[in-house]
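Structure first, commentary second.
Everything quoted here is computed from the prediction, not taken from an experiment. Throughout, a chain's letter reflects where its sequence line sits, starting with A, and its residues are numbered from 1.
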Protein chains: 2
Amino acid sequence: MFTKPRSAVRLSSEDAIVQLADLFRLMGDPTRLRITLVCLDEPISVGEIAVCLMLSPSLVSHHLRLLKAARILRAERRGKQIFYSALDEHIRCVIDDMVAHVGEPLDIEEAD
Amino acid sequence: MFTKPRSAVRLSSEDAIVQLADLFRLMGDPTRLRITLVCLDEPISVGEIAVCLMLSPSLVSHHLRLLKAARILRAERRGKQIFYSALDEHIRCVIDDMVAHVGEPLDIEEAD
DNA sequence: GCAACATATGAACAGTTATTTGAATGTTGG
DNA sequence: CCAACATTCAAATAACTGTTCATATGTTGC
């Protein structure tokens with residue numbers, strides 16, 4: 001079936017694809033992506049995120065739970081507040097690559 | 001020395017975020033991600049994709065339209081058939097990064 | 001032109017998901 | 001323990017999305 005591994009991507013199992021798609025789906029919601037971006041800069045509390053993005057704390061918490069479960073963000077308690085930040089640097093890379101993709105000029109003639 | 005911008009990501013406008021989220025959302029469906037992965041290897045026709053992934057040609061076509069509109073894939077007609085392939089290399093990078101993220105061991109203690 | 005094949009389109013259904021609202025849990029300092 | 005604050009949970013609604021089916025468009029060779 002697949003014969004040409006030109007990339008590091010080698011996804012044999014169905015599970016791996018579903019898991020990967022899950023991560024993309026999570027970042028596919030504008031609200032969640034905004035939350036993720038804010039957390040990339042530095043650890044930030046739930047309340048701060050809510051104020052910063054003009055969202056209800058409840059909604060922010062809801063999304064944070066999903067992002068934490070997917071290991072995109074990590075939580076760290078400091079007193080009353082809980083600060084969230086990126087779990088590793090890969091997410092930043094993923095976003096940077098995608099931004100580069102968006103910025104790519106339409107140099108190739110397309111078959112529309 | 002300036003210290004803050006650790007990432008190339010600088011998304012001021014709402015539009016840019018929505019556009020970015022749109023790309024992630026598209027890759028967030030397992031079927032669409034599988035189609036994308038197959039197209040990364042080499043140009044492949046709609047029918048071949050359908051057979052290869054055991055999907056109806058109609059469904060494949062639906063997804064391809066979205067992927068093409070988002071400039072993730074490009075279409076090229078060869079006789080009766082239409083071959084699809086990745087529009088640029090960024091998508092491959094994005095997926096590779098995400099795979100690396102998944103493979104990341106749980107080295108950091110988490111606040112669950 | 002017509003038949004056969006390849007892909008695209010549109011409507012409709014089923015399942016999922018983001019958001020809101022209100023209450024509940026947990027933490028700190030007196 | 002109590003009050004005040006921060007976060008989380010749960011149920012309900014509204015909107016979206018993937019899939020299927022049937023039909024249409026487009027291409028090739030006779």
Side-chain angles (χ1 to χ4, degrees), chain A residues 14 17-39 42-70 72-85 110-112, chain B residues 14 17-39 43-85 110-112:
Chain A
E14 189 74 4
I17 291 184
V18 171
Q19 190 181 359
L20 205 60
D22 241 46
L23 286 168
F24 282 122
R25 184 174 49 76
L26 282 175
M27 305 184 64
D29 178 68
T31 301
R32 225 150 32 208
L33 183 57
R34 245 174 275 144
I35 292 175
T36 303
L37 288 171
V38 169
C39 291
E42 57 190 338
I44 182 174
S45 71
V46 180
E48 246 184 304
I49 297 173
V51 171
C52 182
L53 302 179
M54 292 190 294
L55 303 169
S56 76
S58 177
L59 180 57
V60 172
S61 176
H62 183 72
H63 285 309
L64 285 174
R65 185 169 54 85
L66 299 175
L67 291 168
K68 188 175 70 172
I72 291 175
L73 300 181
R74 59 194 292 262
E76 172 198 3
R77 166 148 258 158
R78 296 185 194 170
K80 285 189 201 175
Q81 293 159 329
I82 298 181
F83 286 74
Y84 284 82
S85 57
E110 283 151 59
D112 271 338
Chain B
E14 189 74 3
I17 290 184
V18 171
Q19 191 181 358
L20 205 59
D22 242 45
L23 287 169
F24 282 121
R25 184 175 49 77
L26 282 176
M27 305 184 63
D29 177 66
T31 302
R32 225 151 32 210
L33 183 58
R34 246 175 272 144
I35 292 176
T36 303
L37 287 171
V38 169
C39 291
I44 182 173
S45 71
V46 180
E48 248 183 304
I49 297 173
V51 171
C52 183
L53 301 180
M54 294 189 293
L55 303 169
S56 77
S58 178
L59 179 56
V60 173
S61 179
H62 271 299
H63 286 309
L64 285 174
R65 183 168 55 85
L66 299 175
L67 292 168
K68 187 175 70 173
R71 305 190 194 286
I72 291 175
L73 301 182
R74 59 192 294 261
E76 172 197 2
R77 166 148 258 158
R78 296 183 194 171
K80 285 188 200 174
Q81 294 159 332
I82 298 181
F83 286 75
Y84 284 81
S85 56
E110 283 150 58
D112 269 336

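Residue A/Glu76 contributes atom CD, which lies 15 Å from atom P of C/dT27 at whole-angstrom precision. Residue B/Ile82 contributes atom CD1, which lies 8 Å from atom C1' of C/dA8 at whole-angstrom precision. Atom CG of B/Leu64 and atom P of C/dT9 are 11 Å apart (whole Å). Remark: C1' of C/dT19 and CG of A/Leu53 are 15 Å apart, rounded to the nearest angstrom. One atom, CZ of A/Arg65, and another, C1' of C/dT17, lie 12 Å apart when rounded to the nearest Å. If you measure from atom CD1 of A/Ile44 to atom P of D/dA6, you get 14 Å, rounded to the nearest angstrom. Atom CG of A/Leu67 and atom C1' of D/dT8 are 15 Å apart (whole Å). The distance between atom CG of B/Leu73 and atom C1' of C/dT7, rounded to the nearest whole Å, is 15 Å.
Across all non-hydrogen atoms, the minimal contact from B/Ala75 to B/Tyr84 is CB-CE2, 3.6 Å. Among all heavy-atom pairs drawn from B/Leu23 and B/Ala70, the shortest one is CD2-O, 3.5 Å. Of all the heavy atoms in B/Ala50 and B/Ser56, the pair that sits closest is CB-C, 4.3 Å. B/Arg32 and B/Leu26 make their closest contact through NE-O, 2.7 Å (heavy atoms, listed as atom of the first residue, atom of the second, distance). Here the shortest heavy-atom pairing between B/Met27 and B/Leu33 reads O-CB, 3.8 Å.
The residue A/Phe83 sits apart from the nucleic acid: no heavy atom pair falls under 4.0 Å.
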Which parts of nucleotides 17-30 of chain D does protein reach within less than 4.0 Å, heavy atoms only, written one letter per nucleotide 5' to 3' as B for base, S for sugar-phosphate only and - for none?
SSSBBB---SSS--

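With sequence neighbours excluded, the residues that form a side chain to side chain contact (heavy atoms under 4.5 Å, CB included) with B/Ile44 are B/Val38, B/Cys39, B/Glu48, B/Ile49.
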Return a table of donor-acceptor pairs under 3.5 angstrom between the side chains of residues 57-64 of chain A and protein atoms on other chains or two or more places apart.
none

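Between A/Tyr84 and D/dT8 there is a side-chain polar atom (N or O) within less than 4.0 angstrom of OP1 or OP2. Checking the phosphate oxygens (OP1, OP2) of D/dT8, a side-chain nitrogen or oxygen of A/Ser61 falls inside 4.0 Å.
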